[in-house]
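Presented below is the structure to which this report refers.
All chains are named by letter (A, B, ...) in the order of the sequence lines, taking the proteins before the strands, and each is independently numbered beginning at 1.
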Number of protein chains: 2
Amino acid sequence: MLNELFHMFFQQNRYLVNKLNEVLKPHGLYSSQWSILYLLHQNGPMSLTSIWKYLNVEAPTVTRTVNRLESLGWVERLYAMDKREKMIFLTKKGLEQFPPIEASVRSFEQEIEKKLTYEDQELLKGILKKIEG
Amino acid sequence: MLNELFHMFFQQNRYLVNKLNEVLKPHGLYSSQWSILYLLHQNGPMSLTSIWKYLNVEAPTVTRTVNRLESLGWVERLYAMDKREKMIFLTKKGLEQFPPIEASVRSFEQEIEKKLTYEDQELLKGILKKIEG
DNA sequence: CCGATTTATTTACCTAATTAAATAGTTTAC
DNA sequence: GTAAACTATTTAATTAGGTAAATAAATCGG
């Protein structure tokens, strides 16, 4: 990748995504599905637009993932006052099955964080912020 | 994503990949295609296995990207002594068109690196190494 | 009020990664 | 020397991201 830094960055990203998918597999979820479930659990019902803006991905990506989550029974869609807009919210199944999944993910995240000191984590956040800014 | 750190990491990864794809677009290439071209330019002819092992991705990913690169005329395949193995190497077109692309990518990388001090870069490398280890 | 523009979502198509399984060639064990 | 095990590559199916363009509803200017 020419530069060592970029090469490493992309590799670690794949490593983290793959590991997260492993953790989510027993729950029948993938990482991008999880990120939407988690967001809905935090924020309550959201429109597609607010989801993709928050996650910083394109709208079609979210459409597809929400479709899948809907067909799996995790979320439902409902028209909002503005009839162009659709509100997405967790179903009963979504709400009920959330806590154990959250626990698994949290435990995975802590395992990774254990490899870094608190200082490392703060430094990493600071450096990541600089990249895009 | 539960944890701020992971969320940021995934976001910056997408940002970097998208930016790199933008830089490569005028040359008719995508980032994963570039990573293989670059590797072949550095190392000379390589088997598929040595490519995916170096890039740390799965074999089918490399098969598909090499297929595309072959149909675009950037690389060629040749059977090795071991007839299971196929050697991939740059075509004349690949060799000739490489330098200006390398220059574009290098300039992009330097632009990102300008946002980080040398110390930042070394710290980031160190932290990234710790994640997987 | 109505045509033009904007906004929210979806559809279609591309690259890119994964796993699982198929194919074909090589090595190894007996 | 052949059956079994291993290795290299490919195929097929899934998730995940992107852009471009279509559709439908809302808003804005006149």
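- With contacts defined as side-chain heavy-atom distances shorter than 4.5 Å, the pair Y79(B)/K86(B) qualifies.
- Across every non-hydrogen atom of H7(B) and L55(A), the tightest pair is CE1-CD2, 4.3 Å.
- Summary of helix geometry: the two end axes of the helix from dC1(C)-dG30(D) to dC30(C)-dG1(D), each defined by five base pairs via their C1' atoms, are inclined to each other by 10° (rounded to 10°).
- One atom, CH2 of W52(A), and another, C1' of dT10(C), lie 13 Å apart when rounded to the nearest Å.
- Put simply, the side chain of R84(A) and the base of dT7(C) share a donor and an acceptor less than 3.5 Å apart.
- Checking side-chain atoms of S35(B) against main-chain N and O of S32(B) turns up a donor-acceptor pair under 3.5 Å.
- Within residues 59-69 of chain A, the residues that place at least one heavy atom under 4.0 Å from DNA chain C are, in residue-number order, A59(A), P60(A), T63(A), R64(A).
- Checking the phosphate oxygens (OP1, OP2) of dT15(C), no side-chain nitrogen or oxygen of S31(B) falls inside 4.0 Å.
- The side chain of S47(A) places no N or O atom within less than 4.0 Å of a non-bridging phosphate oxygen (OP1 or OP2) of dA8(C).
- Using a 4.0 Å heavy-atom cutoff across all strands shown, N18(A) reaches sugar-phosphate atoms only and no base atom.
- Distance L55(B) CG to dT15(C) P: 18 Å, rounded to the nearest Å.
- At dT15(C), none of the side-chain N or O atoms of R14(B) fall inside 4.0 Å of OP1 or OP2 (strictly under the cut-off).
- Going from atom CG of N13(A) over to atom P of dT15(D) covers 19 Å, rounded to whole Å.
- Of the candidate nucleotides dA20(C), dT15(D), dT9(D), dA20(C) has the atom nearest to the side chain of K25(A).
- Between K86(B) and dT10(D), a side-chain N or O to OP1/OP2 separation shorter than 4.0 Å is present.
- At whole-Å resolution of the value, OH in Y79(A) and P in dA24(D) are 10 Å apart.
- For the side-chain contact (heavy atoms from CB on, under 4.5 Å) test, residues two or more places apart in sequence or in another chain that qualify with K53(B) are T49(B).
- Ion pairing between R77(B) and E70(B) holds under the 4.0 Å rule for side-chain N and carboxylate O.
- A salt bridge is absent between E22(B) and K25(B): the closest approach of a Lys/Arg side-chain nitrogen to an acidic carboxylate oxygen does not fall below 4.0 angstrom.
- E85(B) comes within 4.0 angstrom of the backbone, heavy atoms only, and of no base.
- What separates CD of E70(B) from C1' of dT10(D) is a distance of 13 Å, to the nearest Å.
- By the 4.0 Å N-to-carboxylate-O rule, K114(B) lies too far from E111(B) to be salt-bridged with it.
- Distance, E58(B) CD to dA20(C) C1': 11 Å, rounded to whole Å.
- At a threshold of 4.5 Å between non-hydrogen side-chain atoms, the residues E122(A) and E119(A) do not count as touching.
- The interatomic distance linking K83(A) (NZ) with dT23(D) (C1') rounds to 15 Å, in whole Å.
- A side-chain donor from one of N56(A) and Q11(B) sits under 3.5 Å from a side-chain acceptor of the other.
- Straight-line distance from the OH atom of Y15(B) to the C1' atom of dG17(D): 17 Å, rounded to whole Å.
- Between F108(A) and F6(B), the two ring planes are tilted [angle within 30° to 60°].
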